[in-house]
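Letters go in sequence order (proteins before strands), and every chain restarts at 1. From a predicted model like this one, the values you see are computed outputs, not experimental measurements.
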Amino acid sequence: MPLLIVESPKKAKQIASYLGRDWTVKACFGHVRDLPAKKEEIPVKYRAQAWARLGVDVEGGYTPIYVERAKANVLAELRAAVKAAKGDVYLASDPDREGESIAWHLSVVLGLKDARRVTYQEVTKAAIQKALQSPRPINLALVAAQESRRILDRLAGYGVSPLLWDAIGGPQSAGRVQSAALMLLAQREQARMRFVPAGYWRVAAQVGTTPPFQATVQAIRGLPLATAASFTPQGQLKEGLEVAQLDAQKAEGLRGYLEGREAEVTGIEVSPVVRRPPPPFTTSSLQQAAGARLRFSVETTSRAAQSLYEQGLITYIRTDSPALSDEALELARVAVQERFGQGALPPAPRQYATRNANAQEAHEAIRPAGDFKAPKATGLSGDELALYTLIYTRTVASQMQDALGEKTTVRLQAGVVTLGATGTRLTQRGFTALYEDEAEDADDQALPALTVGQRVGLSGVKVEEKKSSAPPRYGEGAFVQLMEKAGIGRPSTYASTLKTLQGRSYVAVRGRKLHVTPLGLCVAMYLMQQLPQLVDARFTAEMERELDTIAQGALKRTVYLDRVWREALQPAIARAQRTSPRLRVPGQEAVFEVQGGQVSLRTAQGVVTLPPELLPEDLNEQSIAALLAGTWKVGRGVRAERVPASSDVDKPARAPRRKKGEAGTTKAPRKSRQAGGSRKGKRL
DNA sequence: CAGTGAGCGAGCTTCCGCTTGACTT
């Protein structure tokens, strides 16, 4: 009886139902071998080698040591199944670089002579049967690309981390993905600390039509009024920009000038607006949307999605492709037709392509599985119902018509002052019909019918001083999307990278935003100075290009690894200073110092060890004085948790217990270090 | 003489990516 091996047990069950009793289908649960993680995993015969710690013979052609990683019973079951199949085995791991590698490791571990590799893009009976008819040998060039990736990550991670043990102290870590991610966050944090806000004024008047509408001052004597975009991050007016700047007195004068004055409509522009439905979900866009709309953390989303997948309600959850299978396109179109009628459907199904250059597209989009159960029919509740509804709605919406409308821009002249207003009106709701519970854009207003030359009255003039704001900190979802765009990490690792950064206390979540801790800033700055190539997101982009060349058979693995290791990383590690970094705190007369994994703040008045919950945003003159006096407490001088905006009120209520858990995650590892650190517990 | 404590030295920490339960708390 032939044997088919796939990665996921869920998929195995599905495929077994297609193939019937003539086949055995087994899961290998992902990778079955890996480099040894720690000393006791290194086979005894290698332990004396200088390179043994790395698990890769860097002197002998980068030969890796592989040890079995899978749970013992998994491999035992596979071996028994291979025996029963008399070697008639098909390897159907995922159709990407990692999947090819898994197939190769399986062929070695299971002693398969002429391994038969099969791949398919969608899990349907027809696709599987077709795939089984054309098995091919394992693509060893693609395996070499994966092996290069694995070795590079090991050399970078295990090569650089020890520098941090010396320079920072404690169980610190560095890696191609986590350090580049940390750097992105640190750069944003630094940009915020350096940011100098600039003041500007917004002046708006009510226009006395029926209905009335709001118009804002655009220009005075033809000179545009300064806005946030007129200033540099240093708070200076941008070079060569001529704008009108107000102060309190001038703004008040302008108010008096406009109040009760008559204005003339001098221009009306109407332009068409087309809004396309958003594409079906990938791992990263689902995490982003669930964060924004349901206020889920990345971890909450991952957990709920995994459960929905296991219940057979949605397709595979770790994917970088927004594409829908033909079957799914049809089911989504049926759902649209049943609810909104034929008119809501575009003539042809909409197919979506990824815009991500690194996408491997081994799976389709995240969508309802099977027969597209309506959310109400699933019997779900709580987080899972909310997430399923989000996925269902997004999938169905993706097969609906565009929303069409027109945007009207009006210009008014009142003496020397030019005012403007815009309004958008939808003429065809299209997919937005599915999102009717949504609040409209705050800027959108209905404009009355106007004609050029018409005279209208201004009243209720409001002047408001505003400040340009620093680039915002990332929320978890937005950051996952940034990682994807930068090409660092994979759908299966976005959540765990965030967890690693928090577990190491480099990053903390406060008010649903990602903050870099003082320790994270010190680590990032140290790496930036000593190993700039590692923290550069372009390192990964370059790696991906080279791996592609290896996969095409046009570049030798050893040649590439020599270039990144022997000629670049290894000498940089050898040259690196191992002294602890000092980091000036922007805007303060203070310096971060770090010793034994502990960050202290040094000022002219003295030195104080920073409490673990202190974040850079907490530092100002008052808090530094309190720290030195030993009276600082978290929450003092920190804005209270944001009260939900009114538009959030109708969203599903979130259980408060989760917030508590999130706040706790950053504390535990630090405590263990302070206690002397012999605790072996793995938190990650 | 037995117990205590200071001081010293050795050993440890770590990567990324693929997949799920089986464990506690």
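A/Arg176 has a side-chain polar atom (N or O) that falls below the 4.0 Å cut-off from OP1 or OP2 of B/dG17. Phosphate contact (OP1/OP2 of B/dT14, side-chain N/O of A/Arg504, threshold under 4.0 Å): present. Taking 4.0 angstrom as the limit, A/Gln178 places a side-chain polar atom (N or O) nearer than this to OP1 or OP2 of B/dC15.
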Show which side-chain atoms of residues 67-75 of chain A pair as donor or acceptor with protein atoms under 3.5 Å away, not counting sequence neighbours.
from	atom 1	to	atom 2	distance (Å)
A/Glu68	OE2	A/Arg79	NH2	2.9
A/Arg69	NH2	A/Glu41	OE1	2.9

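For the pair A/Leu54 CG and B/dC16 C1', the computed distance is 15 Å after rounding to whole Å. The separation between A/Ile65 atom CD1 and B/dC15 atom P is 19 Å, rounded to whole Å. When the C1' atom of B/dG17 is taken as reference, atom CG of A/Leu547 falls 13 Å away, rounded to whole Å. Following rounding to the nearest Å, A/Arg578 (CZ) and B/dT14 (C1') show an atom-to-atom distance of 14 Å. Rounded to whole angstrom, the span from the CZ atom of A/Arg150 across to the P atom of B/dT14 amounts to 14 Å. Put simply, CG on A/Leu35 is 9 Å from C1' on B/dC15, counting in whole angstrom units. Put simply, CD1 on A/Ile488 is 15 Å from C1' on B/dC15, counting in whole angstrom units.
For the 3.5 Å distance criterion, the side chains of A/Gln178 and A/Ser173 qualify, holding a donor opposite an acceptor. For the residue pair A/Thr609/A/Gln598, the side-chain donor-acceptor check at 3.5 Å is not satisfied. A/Tyr506 and A/Gln172 are linked by a side-chain donor-acceptor pair at a separation below 3.5 angstrom, with hydrogens and angles left out of the test. When only modelled atom types and interatomic distance are considered, A/Tyr388 and A/Glu384 share no side-chain donor-acceptor pair under 3.5 Å.
At a threshold of 4.0 angstrom between heavy atoms, the contacts of A/Arg53 include nucleobase atoms, whether or not backbone atoms are also involved. Contact annotation for A/Ala37: base contact, defined as any heavy-atom pair under 4.0 Å involving a base atom.
Among residues at least two apart or in separate chains, there is no salt bridge (charged side-chain N to carboxylate O under 4.0 Å, His left out) pair with a member in residues 515-535 of chain A. Note on residues 298-319 of chain A: pairs passing ring-ring contact (aromatic ring centres under 6.0 Å, His included), not counting sequence neighbours, are A/Tyr309-A/Tyr316, A/Tyr316-A/His363. Residue pairs meeting the side chain to side chain donor-acceptor pair (under 3.5 Å) criterion with at least one partner in residues 528-537 of chain A, sequence neighbours excluded, are A/Asp536-A/Arg538. Applying the ring-ring contact (aromatic ring centres under 6.0 Å, His included) test to pairs two or more places apart or on separate chains, those with a residue in residues 23-50 of chain A are A/Trp23-A/Tyr90, A/Tyr46-A/Trp51. Counting only residues at least two apart or in different chains, side chain to side chain donor-acceptor pair (under 3.5 Å) contacts with residues 481-492 of chain A comprise A/Ser284-A/Glu484, A/Asp320-A/Arg490. Screening residues 142-160 of chain A for salt bridge (charged side-chain N to carboxylate O under 4.0 Å, His left out), with sequence neighbours left out, gives A/Asp34-A/Arg150, A/Glu98-A/Arg149, A/Glu147-A/Arg557, A/Arg149-A/Asp153, A/Asp153-A/Arg176.
Taken together, the pairs of DNA chain B form no segment extending over three or more consecutive Watson-Crick or G-U pairs closer than 3.5 Å at both contacts.
Taking the side chain as every heavy atom from C-beta outward, A/Arg116 and A/Val118 never approach each other to under 4.5 Å.
Note on ring orientation: taking the six-membered ring where Trp is involved, the planes of A/His105 and A/Tyr66 are perpendicular (angle over 60°, cut-offs 30° and 60°).
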Show each protein N/O and nucleotides 6-11 of chain B N/O combination with a separation under 3.5 Å, one pair to a line.
none

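In terms of modelled atom types and a separation under 3.5 Å, the side chain of A/Arg117 and the main chain of A/Ser93 share a donor-acceptor contact. In this structure, the side chain of A/Ser496 engages the main chain of A/Thr493 through a donor-acceptor pair within 3.5 Å. Between the side chain of A/Ser321 and the main chain of A/Glu361, no donor-acceptor pair closer than 3.5 Å is present.
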>> Please encode protein proximity along nucleotides 18-25 of chain B as a string of B, S and -, counting only heavy-atom distances under 4.0 Å.
In response: BBB-----
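Cation-pi contact between A/Arg33 and A/Trp104: present, with separation from the ring centre below 6.0 Å and deviation from the ring axis of at most 45°.
Within a heavy-atom distance below 4.0 Å of DNA chain B, no residue of residues 527-544 of chain A is found. Within residues 57-64 of chain A, no residue approaches DNA chain B, by heavy-atom distance under 4.0 Å.
Taking for each of A/Pro162 and A/Arg33 the nucleotide of DNA chain B with the nearest heavy atom, the 5'-most of the two is the partner of A/Pro162.
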